[in-house]
A.B. asks: 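The structure follows.
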2 protein chains.
Amino acid sequence: MAIELDDDATAKRQVNLGPLATMLSFALRRAQAVVGEDFQRSFAVEEIRPMLFSIMLVLKHNPGLRQSLASAALGIKRTNFVPLFDELQERGLAERRQVAGDRRAAALFLTEAGLTLLSRLEHVSAHSEAHFTARLGAEGRAQLLGLLHRLGDTAFDVDTSEAQAG
Amino acid sequence: MAIELDDDATAKRQVNLGPLATMLSFALRRAQAVVGEDFQRSFAVEEIRPMLFSIMLVLKHNPGLRQSLASAALGIKRTNFVPLFDELQERGLAERRQVAGDRRAAALFLTEAGLTLLSRLEHVSAHSEAHFTARLGAEGRAQLLGLLHRLGDTAFDVDTSEAQAG
DNA sequence: TATTGTTATACTCTATAACTATA
DNA sequence: TATAGTTATAGAGTATAACAATA
């Protein structure tokens with residue numbers, strides 16, 4: 001069950017990655033792949049993808065949330081949120097309820113089954129996170145989170161009028 | 001041209017992300033999205049996607065590389081490498097050459113046009129990297145790279161026999 | 001007019017299985 | 001039998017345009 005990751009390691013030793021080795025975008029993609037694989041494999045038992053887990057988690061902490069807010073907070077488009085939530089609903093893990101005062105909006109909730117499953121998933125997630133914390137150390141992990149948030153949270157505060165060719 | 005990122009920021013202020021706020025997988029996904037968008041927008045002028053750029057970069061530093069090694073080093077499957085390289089070849093940016101001694105293998109090279117375009121892309125990339133370095137500071141950036149490599153490079157050194165339910 | 005949710009659609013990246021031609 | 005490259009195909013995430021119902 002070696003998952004053929006030896007190949008990658010061997011190749012990296014033989015191949016000169018050049019500037020890629022110090023590019024943020026590349027390092028992020030690789031790290032995300034490794035962490036993502038671990039999560040995906042962990043959640044596979046419950047047939048839950050990371051994205052569904054994220055949605056459930058947000059709903060647990062914000063019962064009655066609107067779809068627009070939920071998707072914006074998770075960084076996905078309203079339009080892509082719909083089929084994801086449909087899946088949770090069809091599986092009996094979450095539900096849409098009507099909102100008094102705005103007949104367009106839907107309030108989102110986890111069901112009992114959803115909450116039950118979620119608490120199992122949270123254990124799995126904690127286990128996976130612990131795995132990586134072990135590799136980075138507690139401070140390393142905290143540092144990494146801080147740096148990632150500094151990259152991700154701000155979005156852009158720079159204007160896009162920099163179309164000057166080099 | 002506000003790219004509707006205000007919505008995300010507003011939503012995040014209103015929504016309690018709970019454990020997601022301190023999960024590596026989530027922070028990585030968000031950071032990768034921001035950095036990836038910036039790269040994608042930068043490269044859009046030349047109609048080059050980040051993945052094509054990575055391939056070109058590796059080829060520049062390893063002329064004559066075999067496909068298997070190239071794809072393994074970049075962390076993508078041989079099978080997915082093929083159409084990507086086909087695209088480079090059809091656009092006259094790279095080419096496959098026969099290898100003396102092994103008629104199965106192909107040696108990959110950038111063309112003159114490929115090298116010319118690549119040097120332009122490298123400027124664009126440097127600009128984008130600088131943008132994020134400015135946000136993190138030089139040490140912050142170095143720290144981040146180190147931590148990401150510690151996550152990504154090792155792949156797994158842990159066995160998969162941990163299927164114990166909690 | 002603007003907003004909430006929705007459908008339809010397409011593109012990119014990723015993943016598996018099976019094939020060919022060599023070795 | 002194994003390896004290098006290839007084809008076909010499917011899944012998952014993300015993007016845009018356009019619509020209905022409601023505000």
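Source: prediction; values computed, not measured. Throughout, protein chains are lettered first and strands after them, A, B, ... in sequence-line order, and every chain is numbered starting at 1.
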A.B. asks: How does each nucleotide of nucleotides 7-17 of chain D score, in 5' to 3' order, for protein heavy atoms under 4.0 Å: base (B), sugar-phosphate only (S), or none (-)?
C.D. replies: BB---SSBBBB
A.B. asks: Rounding to a whole Å, what distance do you find between B:Gln32:CD and C:dT12:P?
C.D. replies: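 Whole-Å distance recorded here is 16 Å.
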A.B. asks: If hydrophobic clusters are built from ILVMFWY residues whose side chains come within less than 4.5 Å, do B:Val82 and B:Leu69 share one?
C.D. replies: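 No, because B:Val82 and B:Leu69 fall into different hydrophobic clusters, even though each may have its own neighbours under 4.5 Å.
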A.B. asks: With a 3.5 Å distance limit and no angle check, can you tell me whether A:Arg135 reaches the backbone of B:Leu151 through a side-chain donor-acceptor pair?
C.D. replies: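 Between the backbone of B:Leu151 and the side chain of A:Arg135 there is a qualifying donor-acceptor contact (under 3.5 Å).
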A.B. asks: In whole angstroms, how far is the P atom of C:dT7 from the CD atom of A:Gln67?
C.D. replies: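 Interatomic distance, CD of A:Gln67 to P of C:dT7: 10 Å.
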A.B. asks: When the distance from CD1 of B:Ile48 to P of C:dC13 is rounded to whole Å, what number comes out?
C.D. replies: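 Value for this atom pair: 11 Å.
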A.B. asks: Okay, side chain of B:Ser42, backbone of B:Val124: is any donor-acceptor separation there less than 3.5 Å?
C.D. replies: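 Such a contact is absent between B:Ser42 side chain and B:Val124 backbone.
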A.B. asks: Return the value, rounded to whole Å, for the distance between atom CG of B:Leu108 and atom C1' of D:dA4.
C.D. replies: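 About 11 Å, once rounded to whole Å.
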A.B. asks: For the backbone of B:Thr22 and the side chain of A:His149, can you confirm whether one donor and one acceptor N or O come within less than 3.5 Å of each other?
C.D. replies: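 Not at all, since once roles are kept as given, no pair shorter than 3.5 Å links the two residues.
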A.B. asks: Going by the angle between their ring planes, with limits at 30° and 60°, are A:Phe81 and A:Phe85 parallel, tilted or perpendicular?
C.D. replies: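 It falls in the parallel class, under 30°.
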A.B. asks: Which residues in residues 98-105 of chain B have at least one heavy atom lying under 4.0 Å from any atom of DNA chain D?
C.D. replies: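 The stretch gives B:Arg104, B:Ala105 as the residues lying under 4.0 Å from the strand, ordered by number.
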A.B. asks: What's the CD1-P distance between B:Ile55 and D:dG5, to the nearest Å?
C.D. replies: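 Rounded to the whole Å, the gap is 13 Å.
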A.B. asks: For the pair A:Glu87 and A:Arg91, find out whether any cationic side-chain nitrogen is under 4.0 Å from an anionic carboxylate oxygen.
C.D. replies: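 Between A:Arg91 and A:Glu87 there is a salt bridge, with a charged N closer than 4.0 Å to a carboxylate O.
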A.B. asks: Between A:Gln67 (side chain only) and A:Leu108 (backbone N and O only), is there a donor and an acceptor less than 3.5 Å apart?
C.D. replies: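 Not a single qualifying donor-acceptor pair exists.
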A.B. asks: Nearest whole angstrom, please: distance from the C1' of D:dG5 to the CZ of B:Arg96.
C.D. replies: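 After rounding, the gap between these two atoms is 8 Å.
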A.B. asks: Nearest 0.5 Å, what's the CG-CG distance between A:Leu110 and A:Leu59?
C.D. replies: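 Answer for the CG-CG pair, A:Leu110 versus A:Leu59, is 5.0 Å.
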A.B. asks: What's the CD-C1' distance between B:Glu47 and C:dC11, to the nearest Å?
C.D. replies: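 So the two atoms are 14 Å apart, to the nearest Å.
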A.B. asks: Tell me the interatomic distance from A:Phe85, atom CZ, to C:dG5, atom C1', rounded to whole angstroms.
C.D. replies: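 Value for this atom pair: 12 Å.
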A.B. asks: Can you measure from CE (B:Met56) to CG (B:Leu93) and round to the nearest 0.5 angstrom?
C.D. replies: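 It comes to 5.0 Å.
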